[in-house]
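All heavy atoms count here, side chains included; hydrogens, waters and symmetry mates do not.
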Amino acid sequence: MRRVVIVGAGVAGASAAATLRAEGFDGEVLLVGDEPDAPYERPPLSKAWLSGQAPSIEVHPPEFYADQSIELLTGTRVTGLDAAARRVVVGGSAVGYDALLVATGGQARRLRGMAGERVHHLRTRADSDRLRAQLVPGERLVVLGAGFVGCEVAATARSLGVDVTVLEMAGSPLERALGPEIGGVFAGIHRDAGVDLRCGVRVDAVSAADSGPVVHTDRGTVECSVLLVAAGMVRDTGIWEAAGVPCDDGVLVDAGCRTGVPGVFAAGDVAAHDHPRYGRTRVEHHDSAVRQGAIAAQAMLGRDVVHDQPHWFWSDQYVHTVQSCGAPGVAVDETVVRGRIDEASFVRFGLRDGRVVSVLGLGRPREVMAGRKLLLGGHPVSADQLRDESVDLRRAGVRR
């Protein structure tokens, strides 16, 4: 193998490129991204970068790519793939490859009729910069959607002195990811911070007024000066599917990030991964993107590897941090809570066959990390040990 082409200069692509070099690959590595920036981390875009608190979000220092002999092409689109000939069209020119990594992620979902200089979506650093310029005290921000991005932006905007209204169709924020009970906790957190949170609201349309966007809902109209549409992500699979790469809610890959098309791999937000623990799943988490990029690179080199680590994510909102290990929909026999959910200080464990298979915590990072080790170790543990706050979780479940 002499040339690897990586399409998508996010954390998955950067992880793959760095891993190839760390594993001793001395051929050509071409990393192509359609944004003008070198690879950067996306989680701060709704938090520290948006608030101006993060001095840098680059994955690697600027000199890293030259030092590692990684050719980085930014602001360049890949527009076609000939999988049989092993060629991709990069900036209008055909480029051959021995192995190709698809790490194109996706685009922010755009709702029909919602556009204008005061209407924002958040996916790129440029999106975050444009939004930040309008988040000043006295402005009125409306956020459509109370998922992680919507809630994080709402928290950041409040810290900047902006009036915030959040409109959510579900009964509570983060309900799809965390469930209604914990969603209700976050509803209280945001309302206590001064957010006008309205759940169970259907948005019908957005119109323009001299003062800014006007949101029309089934419960009346809401005026604002800044609007953020936080409606999720659309996977960037178009050219891959057109070229015959199997896709279904993302590019289909096995446990080693192989697509089934010879020489083609996929990782990150765009990959629908056959996870050994959870089956076919596609997640949009930073940790998974980094790990999958590394696994794909090793698979390209002929290593017998699989990505079997539990899903891991976190979200910072105000002074609160929620952390999760495992999969939200994993089947459990019993749920055990350590602490108090109604006091926003707890760890919730999911047990199956006497072993921890999921961990979700708010405000208890050390106990979450101990629970994560229990999950990874797979040792039997009792519900009483997990529930009893006098028990050191670092020693729970250890076979004696």
Could you please spell out the steps behind the side-chain hydrogen bond (donor to acceptor under 3.5 Å, both in side chains) verdict for Q134 and H120? CA-CA 10 Å; Q134 295 180 5; H120 297 266; 2.8 Å; yes
The test is side-chain contact (heavy atoms from CB on, under 4.5 Å); show your working for R387 and F349 and say whether it passes. CA-CA 9 Å; R387 190 179 294 113; F349 300 92; over 6 Å; no
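- The nearest pair of heavy atoms linking S51 to L160 is O-CD2, 4.1 Å.
- Residues D384 and S382 have side chains that never bring a donor and an acceptor to within less than 3.5 angstrom of each other.
- Side chains of Q68 and H60 form no contact here, defined as non-hydrogen atoms less than 4.5 Å apart.
- Side-chain contact check for L174 versus F148: some heavy-atom pair is nearer than 4.5 Å.
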What side-chain donor-acceptor pairs closer than 3.5 Å can you find for residues 184-196, not counting sequence neighbours?
residue: H190; atom: ND1; partner: Y318; partner atom: OH; Å: 2.9
residue: H190; atom: NE2; partner: Q317; partner atom: OE1; Å: 2.8
residue: R191; atom: NH2; partner: L197; partner atom: O; Å: 3.0
residue: D196; atom: OD1; partner: R198; partner atom: NE; Å: 3.4
residue: D196; atom: OD2; partner: R198; partner atom: NE; Å: 3.1
residue: D196; atom: OD2; partner: R198; partner atom: NH2; Å: 2.7

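- Using a distance-only test at 3.5 Å, with no hydrogens or angles considered, a donor-acceptor pair links the side chain of R352 to the main chain of A331.
- Remark: H273 engages no residue in a side-chain hydrogen bond (donor to acceptor under 3.5 Å, both in side chains) (not counting sequence neighbours).
- L111 contributes atom CG, which lies 8.0 Å from atom CZ of R109 (distance to the nearest 0.5 angstrom).
- Remark: the backbone N or O of W240 is not paired with any side-chain donor or acceptor of T237 at under 3.5 angstrom.
- Residue V4 is grouped with residue L301 when hydrophobic side chains (ILVMFWY) are merged at heavy-atom distances under 4.5 angstrom, including chains of intermediate members.
- Applying the salt bridge (charged side-chain N to carboxylate O under 4.0 Å, His left out) rule to E367 yields the partners R338, R364; only residues at least two apart in sequence or on another chain are considered.
- Counting Ile, Leu, Val, Met, Phe, Trp and Tyr side chains that sit under 4.5 Å apart, directly or through other members, Y278 shares a hydrophobic cluster with V330, V332, V357.
- The shortest distance between side-chain heavy atoms of H311 and S288 falls below 4.5 Å.
- Remark: side-chain polar atoms of T104 are paired, donor with acceptor, to backbone N or O of D236 under 3.5 angstrom.
- No donor-acceptor distance shorter than 3.5 angstrom exists from the side chain of R258 to the backbone of F265, with no hydrogens or angles considered.
- Within 6.0 Å of the CD atom in E223, the count of heavy atoms belonging to other residues, nucleotides or ligands does not exceed 12.
- Residues I295 make up the rest of the hydrophobic cluster containing V305, defined by ILVMFWY side-chain heavy atoms closer than 4.5 Å, directly or through other members.
- Of the possible donor and acceptor atoms, none in the side chain of S15 sits under 3.5 Å from a partner among the backbone N and O of A12.
- Judged by distance alone, with hydrogens and angles left aside, the side-chain atoms of R277 form a donor-acceptor pair with the main-chain N or O of D308 at under 3.5 Å.
- Side-chain atoms of S315 and E152 include a donor-acceptor pair closer than 3.5 Å.
- Residue R366 places its CZ atom among 12 or fewer non-hydrogen atoms of other residues, nucleotides or ligands, all under 6.0 Å distant.
- No side-chain donor from either of E343 and S345 sits under 3.5 Å from a side-chain acceptor of the other.
- Judged as a salt bridge (charged side-chain N to carboxylate O under 4.0 Å, His left out), and not counting sequence neighbours, the contacts of E139 are R118.
- In this structure, S128 contributes its side chain and A126 its backbone to no donor-acceptor pair below 3.5 Å.
- Under a 4.0 Å N-O distance rule, the pair R132/D129 does not qualify as a salt bridge.
- Counting non-hydrogen atoms of neighbouring residues, nucleotides and ligands closer than 6.0 angstrom, the CD atom of E181 reaches no more than 12 such neighbours.
- Residues passing the salt bridge (charged side-chain N to carboxylate O under 4.0 Å, His left out) test with D218 are R202, sequence neighbours excluded.
- Between the side chain of R348 and the backbone N or O of T335 there is no donor-acceptor pair closer than 3.5 Å.
- Screening residues 5-26 for ring-ring contact (aromatic ring centres under 6.0 Å, His included) gives no qualifying pairs among residues at least two apart or on separate chains.
- I6 and V264 end up in different hydrophobic clusters when Ile, Leu, Val, Met, Phe, Trp and Tyr side chains are linked at under 4.5 Å.
- Linking Ile, Leu, Val, Met, Phe, Trp and Tyr whenever their side-chain heavy atoms come within less than 4.5 Å puts V215 and V119 in one cluster.
- For E41, the side-chain hydrogen bond (donor to acceptor under 3.5 Å, both in side chains) test picks out no residue, with sequence neighbours left out.
- Q292 CD to H285 NE2: the interatomic distance, rounded to the nearest 0.5 Å, is 10.5 Å.
- Using a cut-off of 4.0 Å between Lys/Arg side-chain N and Asp/Glu carboxylate O, R123 and E35 are scored as not salt-bridged.
- Both L178 and V166 belong to a single network of hydrophobic side chains, linked directly or stepwise wherever heavy atoms of I, L, V, M, F, W or Y lie under 4.5 Å apart.
- V283 and V322 fall into different hydrophobic clusters, where Ile, Leu, Val, Met, Phe, Trp and Tyr side chains are chained together by heavy-atom contacts under 4.5 Å.
- Checked for salt-bridge contact, D353 and R355 miss the test: no charged N lies under 4.0 Å from a carboxylate O.
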Give the table of side-chain donor-acceptor pairs shorter than 3.5 Å for residues 89-103, with sequence neighbours excluded, one pair per line with atom names and distance.
residue: D98; atom: OD2; partner: R2; partner atom: N; Å: 2.8
residue: D98; atom: OD2; partner: R3; partner atom: N; Å: 2.8

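- With hydrogens and angles ignored, the 3.5 Å screen pairs no side-chain donor or acceptor of R372 with any backbone N or O of S358.
- To the nearest 0.5 Å, atoms CZ (R21) and CG (D67) are separated by 12.0 Å.
- Here the side chains of L351 and D333 are not in contact, with every heavy-atom distance at 4.5 Å or above.
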Got a list of side-chain donor-acceptor pairs under 3.5 Å for residues 77-85, not counting sequence neighbours?
residue: R77; atom: NH1; partner: D34; partner atom: OD2; Å: 2.9
residue: D82; atom: OD1; partner: A84; partner atom: N; Å: 3.3
residue: D82; atom: OD1; partner: A85; partner atom: N; Å: 3.1

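- In terms of modelled atom types and a separation under 3.5 Å, the side chain of R235 and the main chain of V270 share no donor-acceptor contact.
- Checked against salt bridge (charged side-chain N to carboxylate O under 4.0 Å, His left out), R282 has the following partners two or more places apart in sequence or in another chain: D249, E284.
- For E63, the CD atom is densely surrounded, since the number of other residues' heavy atoms within 6.0 Å is greater than 12.
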